[in-house]
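A short write-up of the structure that comes next.
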Amino acid sequence: MKDTRLANDFFEMVFAVVRLIPEGRATSYGAIARYLGSGSSARTVGWAMNASHNVLPWVPAHRVVNRLGVLSGKAHFQPPEAMQKRLHNEGVEVINDQIQHWERVFWDPSKELLL
DNA sequence: ATGCTGACGTCGC
DNA sequence: CGCGACGCCAGCA
């Protein structure tokens, strides 16, 4: 078999983790990257989200924000306001593209899944 | 094939 | 305390 490397699986793993995010919660790119063991590849996680639009089952990319709880990737949604609207619809308070009570909403896979 | 960019994060100066 | 650079992986010119 080819050395699929973690590359191909990286996207898949990212999607899997994002899909595990419970409703009303959110996580950060770095948290996911760290959970996958790539720590520094947070950028690639965001890149995976870009590809998540065409992935099934649906990937709640709107639950993934930067470590500051800011909807940095809202501009990539359609429409961009959908991200905030969706989060708010799930009970997440978002003001000025920033999640309120971020530490409370934050969902760390390496912490929640590592039970 | 090479280089730059991109939905980030951490370290250094 | 503020700004800059590097690292990581994949896509595109």
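Bear in mind that the values here come from a model prediction, so they are computed numbers and not experimental data. Heavy-atom basis, side chains included; hydrogens, waters and symmetry copies ignored. Protein chains get the first letters and strands the later ones, always in sequence-line order, with residue 1 at the start of each.
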Requested in this report: In whole angstrom, give the distance that lies between atom CD1 of A:I32 and atom C1' of C:dC8.
Outcome: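 Interatomic distance, CD1 of A:I32 to C1' of C:dC8: 15 Å.
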Report summary line: Contact string for nucleotides 1-8 of chain B, one letter per nucleotide 5' to 3', B = base within protein heavy-atom range under 4.0 Å, S = sugar-phosphate only, - = neither, reads -----BBB
Query raised in the report: Who are the salt bridge (charged side-chain N to carboxylate O under 4.0 Å, His left out) partners of A:D97, not counting sequence neighbours?
Result: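 Listed in chain order: A:K74.
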**Report entry** Selection: residues 85-95 of chain A, any non-hydrogen atom under 4.0 Å of DNA chain B
**Finding:** none
Which pairs, with at least one residue in [range] and sequence neighbours excluded, count as a salt bridge (Lys or Arg N to Asp or Glu O under 4.0 Å)?
range                     : value
residues 48-57 of chain A : none
residues 48-73 of chain A : A:R63-A:E90
residues 34-59 of chain A : none

Which value, in whole Å, describes the distance between the [atom1] atoms of nucleotides [N] and [M]?
N     : M     : atom1 : answer
B:dG3 : C:dG7 : P     : 15 Å
C:dA5 : B:dC4 : C1'   : 16 Å
B:dC8 : C:dC1 : P     : 24 Å

Query - Contacts of type side-chain contact (heavy atoms from CB on, under 4.5 Å), residue A:P22, not counting sequence neighbours - result: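 Checked A:P22 against side-chain contact (heavy atoms from CB on, under 4.5 Å); matches are A:R25, A:W107.
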Requested in this report: Quick one: list whatever passes side-chain contact (heavy atoms from CB on, under 4.5 Å) with A:S52, sequence neighbours left out.
Outcome: A:F15, A:M49, A:V59, A:A61
Query - Criterion side-chain contact (heavy atoms from CB on, under 4.5 Å) on A:D108 and A:T27, from CA distance to verdict - result: CA-CA 6 Å; A:D108 189 346; A:T27 188; 5.5 Å; no
Query raised in the report: Who else is in A:F106's hydrophobic cluster (ILVMFWY, side-chain heavy atoms under 4.5 Å, direct or via others)?
Result: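 Direct or chained contacts put A:F106 with A:V65, A:L71, A:F77, A:M83, A:L87, A:V92, A:V94, A:I99, A:W102, A:V105.
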